[in-house]
Amino acid sequence: MQLSTLLNALHPVEVIGRSDIEINSIQFDSRLVGVGDLFVAQSGTSVDGHTFITRCISQGAVAIVLSNRDFLASDEKVTYILVKDTNEALGLLACEWYGNPSKHLTLVGVTGTNGKTTIATLLYKLTRGMGEKAGLLSTVVNYVDDEAVPSTHTTPDALALNALLARMVEAGCRYAFMEVSSHSIAQARVAGLDFDGAIFTNLTRDHIDYHKTFDNYRDTKKLLFDRLKKNAFAITNRDDKNGMVMVQNTRSHIYTYSTRSLADFKGIILEEGFDGMLLNINNQEVFVPLVGRFNTSNLLAIYGTAINLGFDKTEVLRVLSTLEAVNGRFETIHSPKGWTAVVDYAHTPDAVDNVIKTINDIRKTDSKLITVVGCGGNRDKGKRPMMASIACKGSDQLILTSDNPRDEEPADILNDMVGGLTKKELERTLVIEDRFSAIKTACTLAQKNDVILVAGKGHENYQIIKGVKHHFDDHEVVKQCL
C-alpha cells in the first residue's frame, strides 16, 4: 500500500520525506521490522519504541512514525511522520491498512469491570442462534464466525484487532461483539474503530496499579461512550452508581437496564437454583440456565442489545433460554457425594461478593460454603485484604491460596490477604499456598449439600510462577478430587 494512502488516516504534525513509496507492512515491534516496512515508535509503559528507530532503519524500514522530535534525522532513504500520539496513530493506520473492517460490520463494544466476557460471548451465541454470522473478541477465545482463534489479551493490539475484524468481514459476518478493556482505551488500541453500540456493565476497583486512581479508571471507560457516533446506541446499567455517568456526554441513543428500578429493560428473578432461574424480562417470563442477580443484569444488557439490533423479541427470549454459562463463569460441578463446586473467574472484590451472595441465596440452610480464593501477583495490592475480608464474611470456611503469583512471592501475597481478616475470621481460615492442595482440602472438607467456590482463575488453564507458565486448570483439579 502507498504511504500516501496510509497518511490519509492520520493528521500528522509534519512529514519529512517522500510519501509516494510502497509500504510492505506496519510494525510496532522492532524485532519484526523488515525491508520496506513502516515502524510505529510507541512510547510504552516500560519501553520507548523511539530508542529502536536506528535499528529498524538498519533492518530496512522506509518510514517511521514518531512523536518525539529528538529522534528526527535527515535520511533521504527514510520518511519520518511526526504525530502527537503514536499509539493513536497505530490504531488509525491499522484500520486503514485492513480496509476499515469495522465499518463493514455492526460492531458492539462491552466495557466495565465485571461481565464483559459473559455479555460479549452470549451476544455472539445469540446472534448465531438467530441465524446470523457473527464474530467475537473476548478474554477467553476469539471467533471468526464458527472458527475459534486463541485469545492472548482481553482486547488485542490494534494490528491484530483489525486483522481479526477483516477476517470476519471476509467470512461474511454481519455482526461483531468485543470486550473493550480500560487498557485498550488508554493505549488507543481501539482508535479508529466504528462502534455501532456500546454496553456498560458495572464499575468497581480494578487495575488501579495501571490507572493509579479510580477516577482515571472510570474516565477511561467513559471515553468509549463519549466517542460514539450519533446514530449508535449506548446501553447502561442503571443499578450501578456510575451507570448514568458513563453516558452523560454521549451523542448516541441512551437505553438503561435494571433489576431494581424503572428502566428500558427490566428484569426480576422469580425462581432460582444451581441449574438456572426463571426470569421476568419486560413482563415476559423465560427460564435461563444461568444464575444470580449479576447474570440477570448481563442478560438484560444482552436482551436490550438484541432489540436495538432489530431482532424479534419473542425469538430473542427463545434463544436466551438456550444459552449456557461461559467457560469459567459460575460453572457448576456436582459431586456424587452430594456437594457442588462452583468455578468462577471472580478476581475483584465486587465479583467475589456477587458470586458468594448468589451461592448463599441458592444453597440449603443446613449447608456450608467453602471458598478457595487467591490474588494475582504484580497487580493492585490494595484489593487483596478487601477480597479476603469479603470472602470470609460470606463463607463458613475460607481457604486462601495462590492465584497467579507471577514475579511475586506467593507468601507475600497471602500475607497481604491475611491482613484484611480479624482474629475471629482467622479461626475459620486456612492458608494453603499450593493451589492444588487448597482445592483438594476444600473437596475433602465438603459434606452433602455443601458448596465449594473456587474463585479467581475461571477459564484459565495455567498458573504463572516466577514468570513461567505451568498447566493448571481448576475444573480438572476439582474433577480429580471427585
Side-chain angles (χ1 to χ4, degrees), residues 1-21 23 25-30 32-33 37-57 61-75 78-98 100 102-103 109 111 153 155-162 180-195 207 210-213 215-229 249-251:
M1 184 181 289
Q2 280 268 324
L3 177 59
S4 57
T5 302
L6 285 170
L7 291 178
N8 290 332
L10 298 179
H11 300 287
V13 174
E14 187 177 358
V15 177
I16 303 170
R18 294 171 53 191
S19 61
D20 61 339
I21 55 175
I23 300 298
S25 72
I26 300 171
Q27 302 292 348
F28 63 90
D29 185 338
S30 62
L32 303 178
V33 172
D37 289 352
L38 179 152
F39 174 66
V40 181
Q42 291 183 290
S43 298
T45 53
S46 57
V47 178
D48 186 352
H50 288 80
T51 60
F52 298 101
I53 289 176
T54 302
R55 177 202 290 182
C56 291
I57 293 172
V62 294
I64 305 293
V65 176
L66 70 167
S67 59
N68 190 336
R69 284 186 174 275
D70 292 341
F71 290 88
L72 284 172
S74 57
D75 190 330
V78 180
T79 299
Y80 290 90
I81 302 107
L82 187 67
V83 297
K84 291 181 179 179
D85 184 345
T86 52
N87 290 334
E88 182 183 35
L90 178 63
L92 297 174
L93 288 168
C95 290
E96 188 69 28
W97 182 264
Y98 286 102
N100 291 293
S102 63
K103 292 184 178 180
T111 197
H153 293 80
T155 312
D157 67 73
L159 287 170
L161 174 55
N162 278 276
V180 183
S181 67
S182 57
H183 287 74
S184 72
I185 299 172
Q187 296 167 8
R189 286 182 237 158
V190 295
L193 294 188
D194 181 39
F195 286 99
H207 303 306
Y210 179 83
H211 294 285
K212 307 305 179 187
T213 69
D215 286 354
N216 288 342
Y217 176 50
R218 178 199 62 210
D219 294 345
T220 300
K221 295 276 190 187
K222 184 175 175 290
L223 288 174
L224 177 64
F225 299 90
D226 291 350
R227 295 167 179 171
L228 285 176
K229 56 193 178 184
N249 299 119
T250 189
R251 298 176 298 165

Shortest non-hydrogen separation from [X] to [Y] and the atoms involved:
X     : Y     : result
Leu38 : Leu93 : CD2-CD1, 4.1 Å
Val13 : Lys84 : CG2-CG, 3.9 Å
Val33 : Gln27 : CG2-CB, 3.9 Å
Val83 : Ala89 : CG2-CB, 4.1 Å
Asn68 : Leu82 : N-CD1, 4.2 Å
Cys56 : Ser30 : SG-CB, 3.6 Å

[atom1]-[atom2] distance between [X] and [Y], expressed to the nearest 0.5 angstrom:
X      : Y      : atom1 : atom2 : answer
Leu6   : Cys95  : CG    : SG    : 11.5 Å
His50  : Asp70  : NE2   : CG    : 9.0 Å
Ser182 : Leu224 : OG    : CG    : 11.5 Å
Phe52  : Ile64  : CZ    : CD1   : 13.0 Å
Asp85  : Gln187 : CG    : CD    : 11.0 Å
Leu92  : Asn162 : CG    : CG    : 10.0 Å

Practice task
Establish, from distance only, whether the side-chain atoms of Thr213 and Asn216 form a donor-acceptor pair under 3.5 Å.
Solution key: yes
Exercise for the section: Check the side chains of Asn87 and Gln42 for a donor-acceptor pair under 3.5 angstrom, ignoring hydrogens and angles. Expected result: yes
Practice task
Dump the intermediate steps for side chain to side chain contact (heavy atoms under 4.5 Å, CB included) on Thr79 and Ser19, then the final yes or no.
Solution key: CA-CA 7 Å; Thr79 299; Ser19 61; 5.8 Å; no
Given side chains that start at C-beta, do those of [X] and [Y] come closer than 4.5 Å, heavy atoms only?
X      : Y      : result
Phe195 : Val180 : yes
Thr86  : Phe28  : no
Leu3   : Ile81  : yes
Leu193 : Leu161 : yes
Asp20  : Gln2   : yes

Exercise for the section: Kindly determine whether Tyr80 and Leu66 satisfy side chain to side chain contact (heavy atoms under 4.5 Å, CB included), including the steps that lead there. Expected result: CA-CA 7 Å; Tyr80 290 90; Leu66 70 167; 4.0 Å; yes
Practice task
Report yes or no: does Asp157 contribute a side-chain atom to a donor-acceptor pair with the main-chain N or O of Ala160 at less than 3.5 Å?
Solution key: yes
Practice task
Please check if the side chain of Arg189 supplies one atom and the backbone of Gly91 the other of a donor-acceptor pair under 3.5 Å.
Solution key: no
Handout entry: Verdict with reasoning, Ile57 to Thr54, per side chain to side chain contact (heavy atoms under 4.5 Å, CB included)
Key = CA-CA 5 Å; Ile57 293 172; Thr54 302; 5.8 Å; no
Practice task
Check the pair Asp215 / Arg218 against salt bridge (Lys or Arg N to Asp or Glu O under 4.0 Å), numbers first and verdict last.
Solution key: CA-CA 5 Å; Asp215 286 354; Arg218 178 199 62 210; 3.3 Å; yes
Handout entry: Crowding at NZ, Lys229 (>12 non-hydrogen neighbours, <6.0 Å)
Key = yes
